[in-house]
Each structure stands twice: as C-alpha cells, then as structure tokens.
Number of protein chains: 2
Amino acid sequence: MNHYATIKDIARILKISTSTVSRALRDTYDVSKETKEKVLAVAAELNYKPNYNATALARGSTYNIGIILPMINNYYFSTVLTGIQEAAYSKGFNIVLFITNNSAERELAIIQNLFITSLDGLLVCISSDSDSCSHFQEIIDSGCPVVFFDRVPSNIKTSTVIQDDFNGAFEAVEHLIANGYTRIAHIAGPQGMVFTERRVEGYLAALQKNNFPIRKEWIIYSGFSQEDGERDTCRLLDGKERPDAIFAANDRKAIGAMLALKSRNIRIGKEIGVVGFTNDPMSAIITPSLTTVAEPAFEIGRESCELLIKHIKKKNFIPEEKVFPAKLIVRESSIKK
Amino acid sequence: MNHYATIKDIARILKISTSTVSRALRDTYDVSKETKEKVLAVAAELNYKPNYNATALARGSTYNIGIILPMINNYYFSTVLTGIQEAAYSKGFNIVLFITNNSAERELAIIQNLFITSLDGLLVCISSDSDSCSHFQEIIDSGCPVVFFDRVPSNIKTSTVIQDDFNGAFEAVEHLIANGYTRIAHIAGPQGMVFTERRVEGYLAALQKNNFPIRKEWIIYSGFSQEDGERDTCRLLDGKERPDAIFAANDRKAIGAMLALKSRNIRIGKEIGVVGFTNDPMSAIITPSLTTVAEPAFEIGRESCELLIKHIKKKNFIPEEKVFPAKLIVRESSIKK
DNA sequence: TATTTTGCCGGGAACGCTCTCACAAATAAA
DNA sequence: TTTATTTGTGAGAGCGTTCCCGGCAAAATA
C-alpha cells in the first residue's frame with residue numbers, strides 16, 4: 001500500500017507526543033493555539049492523511065454505510081442512489097455499494113460475507129425473491145442499524161421508507177375509470193412482494209369502489225422488465241375477453257405493453273388506455289406519452305439515508321415508517337378524447 | 001458499534017494462542033486439521049465476524065476500491081457502474097462510491113477528503129470541467145493505482161479505458177453522408193474534454209474525406225443534457241443556413257434535438273436526419289427511433305475494474321490504454337427514404 | 001504565602017488483527 | 001545414534017489511531 005506520513009512522524013519532528021498531535025488534528029480544545037498551528041503546518045507539509053482503518057479501529061466506528069440494491073441500471077434505483085449519496089456526502093459518510101442482481105442467492109452471499117464490523121449501518125432494498133430475512137434480523141440484533149426502503153420485508157421490525165403504493169395505484173385506476181375505461185387489467189410485479197401486493201390492493205379497491213367486477217385473469221404477476229410487460233400484454237390480448245385499459249406495476253412494463261399494442265396496431269389511449277408507475281423519463285419521451293404515477297425516488301433515497309444516519313448517531317432508536325405520497329401524472333396514453 | 005466476538009475470545013475458549021486462531025481462520029497450512037476444525041466450530045458458534053479495519057490495518061491493504069463518477073442517474077454511468085461492480089464482486093473487492101455531480105469543486109473536495117489510506121485503488125471518470133489533475137497525480141505518486149475511464153485527463157500517465165470516439169463519430173457522419181445528407185452539423189459536448197475533441201475530430205475527418213466544407217457555426221459546444229440539445233438545435237435552426245442533419249455527442253442531446261424538431265413540425269429523417277451516441281435504451285423507444293453509436297458501457301466498467309485490480313495486485317505496473325470499438329446502430333432517424 | 005483551579009501536554013493501554021521469529025516435538029536422513 | 005528437516009504452536013511486536021489518566025507549570029483564588 002501507499003505510504004503516508006503518520007502522526008508519529010509529525011510528533012517526532014515537533015518533539016511532542018502523538019496524543020498532542022492527535023488532539024491538534026482533531027481540533028480539540030485541550031491544546032494551545034501555537035502547537036496546533038505547528039502541527040497543522042507540518043501535517044500539510046508532509047501531506048499527512050489520516051489512516052481511516054486505524055481511526056475506525058480505535059474509535060469503534062467507521063463512517064461507512066453499506067447499501068444493498070437489487071440493481072442500479074434503471075431510472076428508479078440510480079436516482080434513489082443519487083439521493084442516498086447526497087445525504088451521505090453532506091453528513092460525511094461514505095457509501096459502500098453492493099448489488100444483488102435481483103438474486104436471492106447473491107443477496108445471501110453478500111450478507112454472509114459482509115464485513116459488518118466495518119459498517120456503521122446498512123441501507124437495503126431486498127431483491128425480488130429474497131428469503132434472507134433472518135440474516136438481516138441477525139445483523140439488526142447485533143446492534144447495526146438497518147433501514148429498508150422500497151421493497152421492504154414484512155416480518156422485520158425496523159425503519160422503512162416507501163412510497164404510497166396503495167393510493168398511487170388507486171388513483172391511477174380511478175383516473176382510468178374517470179376517463180371512460182371499464183375493463184381494466186393489471187400487470188403486476190412478482191407475487192409475494194409487499195409493494196406488489198399494495199399496488200394490487202389499490203387496483204382492487206378502486207374497482208370495488210366503482211362497482212366494477214374483479215376478474216382474476218386480468219391480474220398477471222410477473223417480473224419488472226419491458227419484456228415481461230410485453231408478454232403479459234399479449235396474454236391479455238389473446239384472452240377470451242379483452243380489457244380496454246392496462247395498469248402496469250411500473251413504467252418498464254407499461255412501455256412493454258405499449259410496444260405490444262403498437263405491434264398489433266392497437267391505438268393506445270383511444271382503444272386501450274395504459275398507465276404506468278415510476279415516472280421514468282422514458283414515459284415522457286415515448287409516443288404517445290405515458291400516464292404514470294410518479295415516485296419521489298431522489299427524496300426516498302435521501303430520506304432513507306438521513307434516517308439511517310439518525311439511527312447510527314443515537315442508538316436505541318425507535319423504528320420509524322416513512323411513506324411518501326405518489327402523484328399521478330396524466331399524459332396521452334390514458335386519454336380517449 | 002456492534003460488538004462481535006474476536007479471535008481472542010476464540011483463543012481463550014480453546015486455550016490456544018491468537019496466532020493459531022488467525023492462521024486457522026485464514027486457512028493457512030501451518031496448522032493441524034484438528035485445531036482448525038475446532039477453531040472453525042467455535043467461530044461459527046460465536047458468530048465470529050472478522051474486523052475489517054483491524055485486518056486492513058495489520059495487512060496494510062483493504063479490499064476497497066474507490067469509484068469517482070460525475071453522476072449515476074443515466075444509462076451510461078449506471079451501466080458502467082454495474083460492470084465495475086460485477087468485476088469487483090467476483091474478485092472479492094468492495095466498492096466505495098463517490099459522485100461529483102459534474103462539479104469540479106465537489107470533485108476536488110472529495111479527493112482532498114478522500115481517506116486514501118483506506119483504499120487499494122481508485123477508478124475515476126473526471127467531471128466535465130475538472131481541473132484537479134494535480135491531485136490525481138499526487139495520489140498516483142503516493143503509490144495508489146488509479147485507472148481513468150471514459151473521460152480521461154490528457155496529461156496524466158496512467159491506465160485508461162475508453163471507447164473509440166473518433167471512429168464512432170466518423171462512422172456516424174459517413175452514414176449520414178451515405179444517406180444523402182449534405183449539410184451536417186454537430187452538437188458537441190463541453191469544450192476541452194478529450195472525448196469531446198475526439199468526436200469532433202471524427203466528425204471533421206468524415207467531412208474532409210468527402211470534401212464537404214467545414215462550417216464553424218455548425219459545431220456547437222455545450223453540456224450533456226437534453227435541454228442543451230434542445231437549445232443547440234434551436235440555435236442551428238435559427239441560423240442563416242439550416243443544416244439537414246445533426247450529429248449529437250450523446251443520445252440525451254440527440255433526443256433534445258428531436259424534441260426541438262418535433263415542436264417545429266420538422267419531419268425527423270426526411271427533412272433533418274439525427275444521429276446520437278451511447279445507445280441509451282431511450283433511443284430505441286423514441287419515435288422515430290434514433291440512429292446512434294453504441295458504447296459497450298458494461299464492458300468498459302468491467303474492464304476498467306479488472307485492470308485496476310491487476311495493478312493493485314502487482315505494483316510497478318506499466319500503464320495500459322484500452323480502447324473499445326464503438327458500433328453504429330442504424331434506425332429510423334437518419335433514413336430519408 | 002498557601003491552596004485551588006486551569007491549561008497544556010505526555011505516557012501508555014487499547015482497538016483486533018497479522019506476521020516474524022523461536023522453539024519443541026515429530027519425522028526423515030545420515 | 002546423531003543430525004537435519006519438517007510441522008505445529010506460542011510469544012510478542014507492530015499497524016496508526018484514540019482516549020483515559022495523571023503530571024506539572026502558570027494563573028487565579030483564598
């Protein structure tokens with residue numbers, strides 16, 4: 001490794017003790033102005049850099065927080081991560097990033113090999129088919145604060161940050177109904193995930209409120225990708241009864257749906273309405289533009305991180321549950337005109 | 001911090017020395033099978049986790065690499081980061097992420113406060129207006145391997161990984177010429193950046209090869225965003241002589257250009273051709289679909305990281321320069337038909 | 001003047017681990 | 001049997017900090 005000057009070097013040069021140097025560098029009061037200045041001068045001259053590992057070992061706390069994400073190469077997660085980073089940076093924390101690729105195995109491997117002793121806290125969005133909750137529980141029990149966001153486990157008591165999936169879905173479906181669509185299908189996320197269920201519940205609640213029948217075959221659970229959306233839509237179109245609107249669990253699936261409709265020359269909006277969820281920039285670019293439910297991704301990331309840091313700073317925190325509102329953004333894909 | 005069992009605890013229980021425990025856990029040969037098994041059993045029972053900071057301090061090397069990126073919430077960088085993460089994970093390295101928000105000040109602040117002693121290496125894409133090269137030089141001189149990718153500084157001798165910007169731009173413009181466009185403008189990235197210049201050079205070389213005149217007013221330097229592309233395009237359209245094709249330095253700018261053309265009811269392709277650079281998924285979604293030059297983002301990330309790890313493992317490396325080919329993807333926006 | 005307070009500093013243990021060296025016991029070679 | 005080699009283990013220093021404790025002079029108070 002690179003060899004930098006240490007406080008011992010500074011102490012030797014100034015013929016003072018290492019403790020004094022340490023105090024001077026940390027700007028503690030117990031040191032005279034002159035020696036402090038001398039120390040800082042020598043430190044600058046030697047290009048002194050504090051050894052993070054030594055500090056962490058001595059103090060018992062690193063300024064690192066671990067982030068576990070299913071993926072980062074889409075709008076939502078990259079924006080969340082940007083928000084996390086913003087909060088961490090402003091509070092002097094570093095981010096150690098882990099990506100699970102939506103794989104439960106990988107998530108498990110990461111957690112097991114996680115050098116948890118070098119992290120002050122953990123921010124996690126569980127992978128879609130995750131079943132590693134007991135491992136998280138173990139980490140929490142050991143005293144390491146953990147905050148979950150977006151995809152949260154149902155059976156762990158700790159802080160969570162999510163968007164209002166139920167009301168977002170509810171509003172989306174009500175909007176479709178208000179615009180004259182009567183046969184509304186839902187292409188959902190993977191079964192078993194909390195946010196999938198909440199969005200389904202919002203969908204169902206809107207149907208019930210308006211006295212629309214519920215058709216099981218019009219709720220299709222699958223993955224998050226554009227291809228999943230395309231496949232789900234084809235299944236719907238090939239069914240006995242064709243819906244006249246599709247509410248998708250996210251924008252990628254909605255875009256997949258739109259591509260499927262386009263390839264069959266079905267006019268989006270006029271013949272079949274489409275609403276997504278996320279407000280991916282793509283939704284504004286695609287033709288026709290996609291009506292969607294906006295999630296405050298940046299804010300969710302920032303808030304999650306701030307909450308975690310709060311927990312790190314005062315232990316014995318009481319878990320909080322933060323819910324961000326989701327906002328309907330009406331565009332062309334859901335207007336019959 | 002969380003309190004975990006240490007090797008001392010294990011040693012005390014088994015009445016052996018800490019050195020033996022250390023050896024057993026690291027699976028060194030210098031320990032008998034029985035004691036090793038006993039140690040592992042006790043370690044598992046106590047839920048022993050190695051203290052990363054202590055290990056790093058004693059060994060003089062962490063398994064952390066720092067990543068400095070201008071931003072991550074777009075296709076290119078989030079995909080590069082995914083590639084980096086893949087390589088790091090498979091080699092047992094952790095990623096510490098820093099984001100500069102395209103700000104030179106922020107980049108400088110990050111570098112200065114970088115706890116460089118806790119990083120084995122650094123992977124960086126400099127921010128657009130970066131002028132902090134001397135700081136990087138200092139880090140390199142101190143013995144910390146640094147690999148630059150995508151946006152590389154021109155005056156630092158170390159390994160770099162980039163795509164073939166010159167030939168990508170050259171092919172894009174040749175393609176436009178081959179499709180009958182004769183007045184080709186270029187909306188470029190920020191002036192002074194290596195990759196901006198290379199793409200401009202490729203653009204100019206293609207014009208020269210085909211004996212097209214070069215018009216300074218048809219080369220506009222600005223930022224990377226969609227809004228920049230929109231603004232640049234409006235300037236071109238409002239100029240004395242209107243171009244019949246626009247080659248944009250990236251897809252975001254190209255999409256901005258398309259939006260500007262659409263809002264003026266200019267038919268993209270037929271009246272004015274557009275070519276981008278990146279192969280952002282949006283380029284396939286937008287109507288008409290956008291012809292672009294694909295960059296192998298994931299591979300660039302993976303390769304950069306592997307190169308860095310190679311440098312970490314054997315010091316006194318000789319700098320390498322890796323260039324990935326860029327590939328033209330023809331779609332609708334550049335076809336007159 | 002005697003005593004307490006204050007400001008400044010040094011000594012040294014501690015954090016949890018790795019690694020070198022030394023040494024005894026077991027084995028192989030002479 | 002003697003000598004050399006291998007194998008398994010322990011002792012202890014060291015990595016670069018922080019932090020508690022105590023000392024000592026100067027200043028403030030009695």
Side-chain angles (χ1 to χ4, degrees), chain A residues 1-40 42-43 46-64 115-120 142-143, chain B residues 1-40 42-43 46-64 114-120 142-144:
Chain A
M1 194 151 73
N2 16 320
H3 206 62
Y4 277 99
T6 70
I7 56 170
K8 285 184 185 175
D9 298 323
I10 299 175
R12 198 176 337 104
I13 289 173
L14 290 175
K15 296 193 202 310
I16 58 177
S17 73
T18 56
S19 8
T20 305
V21 176
S22 172
R23 275 188 294 250
L25 289 171
R26 270 176 303 135
D27 202 19
T28 324
Y29 41 88
D30 245 19
V31 67
S32 72
K33 207 170 287 182
E34 308 123 60
T35 49
K36 197 172 86 179
E37 280 166 7
K38 276 195 283 185
V39 168
L40 291 181
V42 174
L46 296 183
N47 190 25
Y48 167 80
K49 307 272 182 199
N51 186 305
Y52 198 41
N53 294 120
T55 307
L57 184 57
R59 297 193 60 230
S61 82
T62 73
Y63 269 73
N64 291 335
F115 284 23
I116 201 64
T117 53
S118 77
L119 297 175
D120 281 358
S142 83
Chain B
M1 195 151 73
N2 15 320
H3 206 63
Y4 277 99
T6 71
I7 56 170
K8 284 185 187 174
D9 297 323
I10 300 176
R12 195 172 343 103
I13 289 173
L14 289 174
K15 297 193 201 309
I16 58 179
S17 72
T18 58
S19 13
T20 304
V21 176
S22 172
R23 277 188 291 250
L25 289 171
R26 272 176 302 136
D27 203 18
T28 325
Y29 42 89
D30 245 19
V31 68
S32 72
K33 205 170 291 180
E34 309 123 59
T35 50
K36 197 172 88 180
E37 280 166 7
K38 275 194 283 184
V39 167
L40 291 181
V42 174
L46 295 183
N47 191 24
Y48 167 80
K49 307 272 183 199
N51 186 305
Y52 199 39
N53 294 118
T55 308
L57 185 58
R59 295 191 63 228
S61 83
T62 73
Y63 270 75
N64 291 335
L114 201 59
F115 284 24
I116 199 64
T117 53
S118 76
L119 297 176
D120 281 358
S142 82
C144 177

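Note that the coordinates shown come from a computational prediction; the quantities given were computed from them, not determined experimentally. Chain identifiers are assigned alphabetically (A, B, ...) following the order of the sequence lines, protein sequences preceding nucleic acid strands; residue numbering begins at 1 within each chain.
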> Taking only residues two or more places apart in sequence, or in another chain, which ones meet B/Asp9 in a salt bridge (Lys or Arg N to Asp or Glu O under 4.0 Å)?
Replying inline: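 In terms of salt bridge (Lys or Arg N to Asp or Glu O under 4.0 Å), with neighbours along the sequence ignored, B/Asp9 is linked to B/Arg12.
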> Of all residues at least two apart in sequence or in a different chain, which pass the salt bridge (Lys or Arg N to Asp or Glu O under 4.0 Å) check with B/Lys36?
Replying inline: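 Expected list: B/Asp27.
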> Base, backbone or nothing for each nucleotide of nucleotides 19-28 of chain D, written B, S, -, heavy atoms under 4.0 angstrom, 5' to 3'?
Replying inline: BB--------
> Quick one: CZ on B/Arg23 to OG1 on B/Thr18, what's the gap to the nearest 0.5 Å?
Replying inline: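 It comes to 9.0 Å.
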>> Rounded at 0.5 Å granularity, tell me how far NZ in B/Lys49 sits from OG1 in B/Thr6.
In response: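 So the gap between those two atoms works out to 15.0 Å.
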May I ask you to test the [X]-[Y] pair for a side-chain heavy-atom distance under 4.5 Å?
X	Y	value
B/Leu46	B/Ile10	yes
A/Leu25	A/Tyr48	yes
A/Val39	A/Ile16	yes
A/Asn51	A/Tyr4	no

Can you see if the side chain of [X] gets near the phosphate of [N] - specifically, an N or O under 4.0 Å from OP1 or OP2?
X	N	answer
B/Ser17	D/dG10	yes
A/Lys15	C/dG10	no
B/Thr55	C/dC17	no
B/Tyr4	C/dC15	no

Can you see whether [X] engages [Y] through a side-chain donor-acceptor pair at a distance of less than 3.5 angstrom?
X	Y	answer
A/Tyr52	B/Asn53	no
B/Thr35	B/Ser32	yes
B/Arg26	B/Ser22	yes

Starting at [atom1] of [X] and ending at [atom2] of [N], how long is that distance when rounded to a whole Å?
X	N	atom1	atom2	value
A/Asp9	D/dG16	CG	C1'	10 Å
B/Leu25	C/dC19	CG	P	13 Å
B/Asn53	C/dC15	CG	P	15 Å
A/Tyr52	C/dG16	OH	P	17 Å
B/Ile7	C/dC17	CD1	P	5 Å
B/Leu57	C/dC17	CG	C1'	8 Å
A/Lys8	D/dT17	NZ	C1'	9 Å
A/Ile10	C/dG10	CD1	P	14 Å

>> Can you pull out the residues from residues 31-39 of chain B that lie within a 4.0 Å heavy-atom distance of DNA chain C?
In response: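 Of all residues in residues 31-39 of chain B, none places a heavy atom under 4.0 Å from DNA chain C.
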> At how many degrees, to 10°, do the end axes of the helix from C/dT1-D/dA30 to C/dT27-D/dA4 meet when each uses five pairs?
Replying inline: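 The two end axes of the helix from C/dT1-D/dA30 to C/dT27-D/dA4 meet at 50°.
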> In chain order, what residues pass the side chain to side chain contact (heavy atoms under 4.5 Å, CB included) check against B/Arg59, with sequence neighbours excluded?
Replying inline: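 Residues passing side chain to side chain contact (heavy atoms under 4.5 Å, CB included) with B/Arg59: B/Thr55, B/Ser61, B/Tyr63.
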